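Okay, structure first, notes after.
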Amino acid sequence: MSGASPISFEAQRPAPVGRLATLADRWRRFWFEPVAPDNLGFCRLLFYGLLLYYFFPVHFVGWANVPESFRDPIWLFERFHLPILPDPALPAAGAAFKAALLLACVGLGTRMSTAVAFLLGTYLIGMRYNFGKTDHVGAILVFTMGILALSRCGDAWSIDSLVRRKRAQKRGEPNPAQVLSGEYRWPVRAVWVVMVMVFFAAGVAKVVQGGAAWVFSDHFAISLIQRYYDPSPPGNRIGLFVANHAWLAHTLAATAVLVELSIPMALFSRRARLVLPPALFLMQLGIGIVMNVWFTSFMYAYLFWVPWDRVLGKLRRQDRSA
Amino acid sequence: MAQQQAGGPAPAPVVEPMKPWRVRLVYGVVGAIVLGHLYDIARQQEHWPFSNYPMWARPANDWHIKNVVPVGLTVAQSPGEVELTDPAYLAPLPPHYQRIAVMRVARRESKRDAMLRDYLDYYEKRRVTGKHNGPRLRGIRLYEYHWDLHRDARNAAEPDGRTLIYEYLRGPGGGPASAPATAPAATRAAQ
């Protein structure tokens, strides 16, 4: 945090002239408006904590023993000639990944731990996709870990930041000033962009591959009913209820496509942000309940839409006034 | 761990400007993420971790389902056939991965025998080392299970019918002893 200077963000930029300049200024503000590190730091703590909770029971062992004929390498592994690590290297990588998640969560050696979590996480999450099935849950975790690894997410809500303060106190130096920086803004915005790309892509795929039939045919009803013929069927009959009410099935199908295609608006409009990400969260929760297809770890990325600094500030104020 | 926990009055915040190389790095990273996705969206392809996210995108308009299911043939005459649904049989490969892998090669003669031989070898290796309690197998049959979809899913528990599409029996030397195949029919992977 050295090199901090009490100059305003606006002072770094030439005064906007005309509409284009205003747009450019809004663009810069979107990405780099100086903010306190608390929101990003709290997101880091929650995100890696949830990842650790999710991956802790996962055993990374024995994948190299699976016969070659079952393999169907994904692009990343084929392009970069990544092998499936044999035991005991694979379990060791799994243990190192979990240790990195823990350290990244508490913010100890954050730069290193987030980088290790990203590299090992990319490998370990991608590895199982080399056996014929790619799901759409792991990629957003990889992108989010990559963004956090490049960020200064350890500057708040971390052991690293506590240690820095204690050292300053020990030396008799004044408390380091709270720094506002674009460094704490862009990572959260970048995760938003990743999520927007994911859902926008899903919306486009439905339009391109399904067209109007995706909404107006029996497709949605058939997809719901098919789940009851799966080896892991839903534990309730909500899907059958929806499938048997055509108007409801068509409405939900249209809503899904509309919300997915509208999600880019959430980047630019505060009002859209209040509606669209929660709607997608509820949609994924609904898919879990109705179809027994769960996007559990994917849903951790939603926490980046919550302004935790404001939430925590409000809680603190309520605490004081009580 | 909050910044506010340390002692002393908090001084006024200062604004730290972004270094130009960091700004360029951010634009580079975000640009790569966006362009990678746009490429897959335009081509309707997947290059993990980039993807066009085609979950349930292809319209389903067929009120029938067909699934290829591998069934083990035991050495003993009874029970004769066993369902290969225990996750321990081919661990760490989850059962739905197994089904997808088998479905992928069910109609591809060039790869089918190799996969079924590997399946039996791996199963047996795990069985003799006590990693599962399945019976000894002498072969695998691939069945196509088919259902007519009902709006109340009343027939979901059992398929309406099944067709033997291939049988792989291990010969004395480890190779196939017999391999009768029936006429191929289109299969659809479960989404």
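Chain naming here is simple, since letters A, B, ... match the order of the sequence lines and numbering starts at 1 in each. Values in this document were obtained by computation on a predicted structure and should not be read as measured data.
With a threshold of 4.5 angstrom between heavy atoms, A/Val61 approaches chain B through N, CA, C or O but not through any side-chain atom. In this structure, the portions of B/Tyr119 lying under 4.5 Å from any heavy atom of chain A include both its backbone and its side chain. Within the 4.5 angstrom heavy-atom criterion, atoms from both the backbone and the side chain of A/Val198 approach chain B. Neither the backbone nor the side chain of A/Leu224 comes within contact range of chain B, judged by heavy atoms closer than 4.5 Å. With a 4.5 Å cut-off on non-hydrogen atoms, A/Phe70 touches chain B through its backbone and its side chain both. Heavy atoms of A/Ser151 lying under 4.5 Å from chain B belong exclusively to its backbone. The part of A/Ile287 that comes within reach of chain B is its side chain, from C-beta onward, which places non-hydrogen atoms under 4.5 angstrom from that chain. Heavy atoms closer than 4.5 Å to chain B are found in the side chain of A/Trp186, but not in its backbone. Only the side chain of A/Val142 comes within less than 4.5 Å of a heavy atom of chain B; its backbone N, CA, C and O stay farther away. Residue B/Val30 touches chain A through its side chain alone, counting heavy-atom pairs closer than 4.5 Å. Of the two parts of A/Asp160, neither the backbone nor the side chain holds a non-hydrogen atom closer than 4.5 Å to a non-hydrogen atom of chain B. If you measure heavy-atom distances from A/Ile74 to chain B, the contacts under 4.5 Å come from the side chain alone. Interface remark: B/Trp147 contributes side-chain atoms only to the contact with chain A (heavy atom separation under 4.5 Å). Interface residue B/His150: backbone and side-chain heavy atoms are both found under 4.5 Å from chain A. For B/Ala156, the parts lying under 4.5 angstrom from a heavy atom of chain A are both the backbone and the side chain.
Residues A/Ala139 and B/Pro49 share a closest heavy-atom pair of CB-O, 3.2 Å. Residues B/Arg151 and A/Ile225 share a closest heavy-atom pair of CA-CD1, 4.0 Å. Closest heavy-atom contact between B/Pro94 and A/Arg128: CG-NH2, 3.8 Å. Minimum heavy-atom separation, A/Gly62 to B/Pro92: O-CD, 3.5 Å. Here the closest heavy-atom approach between residue A/Trp75 and residue B/Trp48 is recorded as CE3-O, 3.5 Å.
Judged purely by atom type and a 3.5 angstrom limit, A/Trp214 uses its side chain to pair as donor or acceptor with the backbone of B/Trp56. The main-chain N or O of B/Ala60 is found under 3.5 Å from a side-chain atom of A/His219 such that the two form a donor-acceptor pair.
For the 3.5 Å distance criterion, the side chains of A/Tyr229 and B/Asn155 qualify, holding a donor opposite an acceptor. A side-chain N or O of B/Asp118 and one of A/Ser69 form a donor-acceptor pair less than 3.5 Å apart.
Remark: B/Asp152 CG to A/Leu240 CG distance equals 7.5 Å, nearest 0.5 Å. Expressed to the nearest 0.5 Å, how far CG of B/Leu93 lies from NZ of A/Lys133 amounts to 12.5 Å. With rounding to the nearest 0.5 angstrom, the CD atom of A/Glu183 is 4.0 Å from the CE atom of B/Met18. Atom NE2 of residue B/His47 and atom CD of residue A/Glu78 lie 10.0 Å apart, to the nearest 0.5 angstrom. The line from CZ of B/Phe50 to CZ of A/Phe143 is 4.0 Å long, rounded to the nearest 0.5 Å. With rounding to the nearest 0.5 angstrom, the NE2 atom of B/His96 is 9.5 Å from the CG atom of A/Asp230.
In this structure, B/Arg104 and A/Asp72 have side chains that are in contact, with non-hydrogen atoms separated by less than 4.5 Å. Two residues are said to be in side-chain contact when any heavy atoms from C-beta on lie closer than 4.5 Å; A/His136 and B/Pro54 meet this criterion. With contacts defined as side-chain heavy-atom distances shorter than 4.5 Å, the pair B/Ile100/A/Phe131 does not qualify. Here the side chains of B/Arg99 and A/Pro231 are in contact, with some heavy-atom distance below 4.5 Å. Put simply, the side chain of B/Ile41 reaches to within 4.5 Å of the side chain of A/Met197, judged on heavy atoms. For the pair B/Val23/A/Trp31, no side-chain contact is recorded, criterion being any heavy-atom separation below 4.5 Å from C-beta on. B/Asp62 places none of its side-chain heavy atoms less than 4.5 Å from the side chain of A/Ile222. B/Ile65 has its side chain within reach of A/Gln226: a pair of non-hydrogen atoms, C-beta onward, lies under 4.5 Å apart.
The local environment of OH in B/Tyr145 is crowded, with over 12 non-hydrogen atoms from other residues, nucleotides or ligands closer than 6.0 Å. Taking a 6.0 Å sphere around CZ of A/Arg237, one finds it holds 12 or fewer heavy atoms contributed by other residues, nucleotides or ligands. Remark: B/Tyr27 OH is packed, more than 12 non-hydrogen atoms of other residues, nucleotides or ligands lying under 6.0 Å away. Remark: B/Tyr123 OH is packed, more than 12 non-hydrogen atoms of other residues, nucleotides or ligands lying under 6.0 Å away.
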Go through the steps to decide whether B/Leu90 and A/Val66 satisfy the test side-chain contact (heavy atoms from CB on, under 4.5 Å), and finish with yes or no.
CA-CA 8 Å; B/Leu90 246 62; A/Val66 175; over 6 Å; no

B/Ile33 vs A/Ile147, test: side-chain contact (heavy atoms from CB on, under 4.5 Å). Steps then yes/no.
CA-CA 10 Å; B/Ile33 291 171; A/Ile147 289 163; 4.1 Å; yes

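The residue among A/Thr134, A/Leu180, A/Asp135 with the most heavy atom pairs within less than 4.5 Å of chain B is A/Leu180. Interface summary for chain B: among A/Gly182, A/Gly138, A/Gly41, the most heavy-atom pairs under 4.5 angstrom belong to A/Gly182. Here A/Pro67 is the residue among A/Gly132, A/Gly239, A/Pro67 with the most heavy-atom pairs under 4.5 Å with chain B. Interface check for chain A: of the options B/Glu46, B/Lys125, B/Lys111, the most heavy-atom pairs under 4.5 Å are formed by B/Glu46.
Residues A/Tyr129 and B/Tyr97 keep their aromatic ring centres 6.0 Å or farther apart.
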